[in-house]
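Letters A, B, ... mirror the listed sequences (proteins, then strands); counts begin at 1.
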Amino acid sequence: MEDFKIHNTLTGNKEVFKPIKAESVTMYVCGPTVYGEPHLGHARPAITFDILFRYLKFLGYKVRYVRNITDVGHLLNDADEGGDKIGEKAKALQLEPMEVAHFYTKKYHESMYKLNVDNPSIEPTASGHMIEQIEMIKKIIDNGFAYEVNGSVYFDVVKYNETNNYGILSRRKIEDLMDNSRELDGQSDKKNPVDFALWKKASPEHIMRWPSPWGNGFPGWHLECSTMSCKYLGEEFDIHGGGMDLVFPHHEAEIAQCCAANKKQAAKYWMHNNMITISGQKMGKSLGNFITLDEFFNGTHDKLEQAYHPMVIRFFLLQAHYRSTIDFSNDALQAAEKGLIRLFNAIKTLNDLSPKDKSTIDISSFKSKCDEAMNDDLNTPIVLSYLFDMVKIINSTKEGKHDLSGEDIEQFQKIFDKYAITIFGLCNSEEDNNASDLDGLMSLILEIRDQSKENKDWATADKIRDGLNNLNIEIKDTKDGATWSYKK
RNA sequence: GGUCGGAUGGCCGAGUGGCUAGGCAGUGGUCUGCAAAACCAUCUACACCGGUUCGAAUCCGGUUCCGACCUCCA
């Protein structure tokens with residue numbers, strides 16, 4: 001089999017993927033911070049790494065995929081001045097902070113389900129791993145890379161950098177980082193501005209807090225990922241993923257923590273998905289283009305001209321490579337919607353094609369071309385372009401311009417099944433409801449309408465069509481008879 | 001301001017030196033009681049200015065614009 005190559009941020013190159021253990025793959029992806037409604041920014045990494053997860057499984061690996069839930073202390077998206085947002089929200093609503101976290105965790109899961117994102121193998125929470133986090137801090141202190149000040153513990157980046165490379169992932173130099181740190185307000189406890197918190201003392205009004213050897217407080221935000229990846233995947237594992245915005249400082253700090261505690265660099269491959277813009281702008285509350293996933297699914301946002309099915313969002317994301325930025329707009333999404341429908345119509349058409357003795361067109365290269373694109377750092381847009389080339393062949397075959405043998409039809413079915421369904425997870429929305437109950441009824445109605453048409457009783461035929469239309473059922477007359485479907 | 005990445009046809013979006021990416025829209029056809037849909041064919045490109053090369057969207061330099069990160073905090 002051909003080599004599967006992935007882009008490794010650590011080296012800046014595409015590398016052949018070779019797991020530490022030949023048969024199994026361990027991967028960790030930074031999950032959501034559950035302080036608010038899931039939005040588009042959550043969809044991209046979830047879907048990117050879902051594709052990777054599915055592909056690795058398809059390749060025959062036993063995959064353990066850990067994606068965390070961060071439910072400890074939070075920050076709102078932009079134009080907000082930090083602070084513990086779960087705590088603040090909880091106070092405002094008179095809720096226990098965990099009620100807030102749990103509410104949004106549930107929302108996140110619902111959205112992921114709609115997007116057909118497979119569940120990770122383990123989905124640990126930061127709050128459920130306080131003991132492990134405290135133990136890791138102790139270990140880092142014991143190894144001399146952290147210090148305690150006034151009930152908080154900080155990672156000593158300068159000391160660490162003497163024997164390690166802080167900046168190995170983000171290619172930053174510590175001197176530049178020192179230079180760039182603006183003059184700090186004097187009350188910082190940190191020895192150096194580049195140091196980061198492993199444990200923060202909780203101020204009296206801070207309601208999310210846990211006991212520790214250093215007093216009541218809460219863990220620093222980089223720590224949970226190091227702790228939980230280590231607990232479930234080991235000190236060394238295969239892939240660590242997340243958004244590009246996390247490269248620095250989050251993932252850089254993770255590497256530092258793991259090296260400081262275990263002398264191991266955690267992941268072998270670091271993969272990062274690029275960001276999303278909306279009509280060319282970044283998404284932000286202050287710009288009025290902050291759109292939640294529910295709003296996409298329901299079409300309930302001023303900027304949206306219509307609702308978009310979760311599969312349209314998923315398909316749209318796959319039309320771009322994961323390391324490119326992607327721009328959302330109504331035009332682009334509507335184009336994606338039509339393309340997706342075309343793809344699925346062709347899959348249906350393929351299943352109805354009557355096989356001929358011999359094919360009049362050579363389709364033998366499609367499988368390897370698709371595989372090659374997928375193996376080239378998950379180039380989903382190229383795979384899709386080949387699938388659409390196949391769509392064209394299927395449609396022309398239906399029109400009688402080509403013949404396809406039974407073998408070739410089966411080959412096409414296999415490719416669509418592998419890519420469209422198994423790996424890309426683009427399930428056909430029309431098939432997931434209980435339409436079968438209605439089938440008999442609808443075929444009876446359409447039969448009556450066909451008879452009216454034969455009798456040139458257009459009034460009755462149109463009445464049926466218009467009446468069903470008002471019931472949200474669309475009738476289309478095709479060469480092979482009328483079809484019906486729910487309107488989107 | 002610093003570091004890094006990007007700028008492709010009406011809209012998205014692949015593509016790293018010569019060969020049609022693909023989707024949507026547009027245009028022309030086919031089908032059709034009407035409507036809608038569907039199908040086929042097909043046009044428009046590589047931000048700007050220089051340079052390297054037989055040849056550049058692709059390499060090099062500069063310019064403009066855009067994005068991410070650079071901070072307490074996830």
Would you classify [X] as touching base, sugar-phosphate or nothing, given that sugar-phosphate means primed atoms plus P, OP1 and OP2, and contacts are heavy atoms under 4.0 Å?
{"X": "A/A197", "answer": "sugar-phosphate"}
{"X": "A/A335", "answer": "base"}
{"X": "A/K200", "answer": "sugar-phosphate"}
{"X": "A/R449", "answer": "base"}
{"X": "A/Q334", "answer": "nothing"}

For the ring pair [X] and [Y], is the centre-to-centre distance below 6.0 Å?
{"X": "A/Y232", "Y": "A/Y28", "answer": "no"}
{"X": "A/H272", "Y": "A/H251", "answer": "yes"}
{"X": "A/H39", "Y": "A/Y108", "answer": "no"}
{"X": "A/F328", "Y": "A/F316", "answer": "yes"}
{"X": "A/F196", "Y": "A/H222", "answer": "yes"}

Rounding to an integer number of Å, can you tell me how far [X] [atom1] sits from [N] [atom2]?
{"X": "A/E254", "N": "B/A74", "atom1": "CD", "atom2": "P", "result": "13 Å"}
{"X": "A/M244", "N": "B/C4", "atom1": "CE", "atom2": "P", "result": "15 Å"}
{"X": "A/D71", "N": "B/C73", "atom1": "CG", "atom2": "P", "result": "18 Å"}
{"X": "A/Y104", "N": "B/A74", "atom1": "OH", "atom2": "C1'", "result": "16 Å"}
{"X": "A/K173", "N": "B/C4", "atom1": "NZ", "atom2": "C1'", "result": "12 Å"}
{"X": "A/K282", "N": "B/C69", "atom1": "NZ", "atom2": "P", "result": "7 Å"}
{"X": "A/L223", "N": "B/A74", "atom1": "CG", "atom2": "C1'", "result": "13 Å"}
{"X": "A/H222", "N": "B/C69", "atom1": "NE2", "atom2": "P", "result": "14 Å"}

Using atom [atom1] of each nucleotide, how far apart are [N] and [M] to the nearest Å?
{"N": "B/A7", "M": "B/C31", "atom1": "P", "result": "44 Å"}
{"N": "B/C12", "M": "B/A21", "atom1": "C1'", "result": "14 Å"}
{"N": "B/U44", "M": "B/G2", "atom1": "P", "result": "42 Å"}

Inset, instruction - Would you mind pulling out the nucleotide paired to B/C54, Watson-Crick or G-U wobble, both distances under 3.5 Å? - result: B/G18

Inset, instruction - Return the nucleotide paired to B/C69: Watson-Crick means purine N1 to pyrimidine N3 with N6-O4 or O6-N4, wobble means G-U with N1-O2 and O6-N3, both under 3.5 Å. - result: B/G2

Inset, instruction - Give the C-alpha distance, both sets of side-chain angles, the deciding distance and a yes or no for side-chain contact (heavy atoms from CB on, under 4.5 Å) between A/H321 and A/T380. - result: CA-CA 6 Å; A/H321 188 261; A/T380 56; 5.8 Å; no

Legend entry - Residue A/T33, side-chain atoms from C-beta onward, closest of B/A74, B/C69, B/G22: B/A74

Legend entry - Minimum-distance nucleotide to A/F388 side chain [options: B/C34, B/C70, B/G23]: B/G23

Inset, instruction - Tell me yes or no: between the side chains of A/H109 and A/E123, is some donor less than 3.5 Å from an acceptor? - result: yes

Inset, instruction - Over all heavy atoms of both residues, which pair between A/N116 and A/G425 is shortest? Give the atoms and the distance, please. - result: ND2-O, 2.7 Å

Inset, instruction - Report yes if a donor N or O on one partner sits less than 3.5 Å from an acceptor N or O on the other, where the partners are the side chain of A/D457 and the base of B/G33; otherwise report no. - result: no

Inset, instruction - Spell out protein contact along nucleotides 37-43 of chain B as letters: B when the base is contacted, S when just the sugar-phosphate is, - when no protein heavy atom is under 4.0 Å; keep the 5' to 3' order. - result: S-SSS--

Please produce a list of atom pairs where a protein N or O lies less than 3.5 Å from an N or O of nucleotides 13-15 of chain B.
unit_1: B/G13; atom_1: OP1; unit_2: A/D327; atom_2: N; d: 2.6
unit_1: B/G13; atom_1: O2'; unit_2: A/Q319; atom_2: O; d: 3.3
unit_1: B/A14; atom_1: OP1; unit_2: A/H321; atom_2: N; d: 2.7
unit_1: B/A14; atom_1: OP1; unit_2: A/S324; atom_2: OG; d: 2.9
unit_1: B/G15; atom_1: OP1; unit_2: A/N379; atom_2: ND2; d: 3.2

Inset, instruction - For A/A336 and for A/R171, locate the closest nucleotide of RNA chain B by heavy-atom distance; then report the residue assigned to the nucleotide nearer the 5' terminus. - result: A/R171

Legend entry - A/Y386 ring over B/G22 six-membered base ring, under 5.5 Å and 30°: no

Legend entry - Sequence-distant partners of A/D195, salt bridge (Lys or Arg N to Asp or Glu O under 4.0 Å), two or more places apart: none

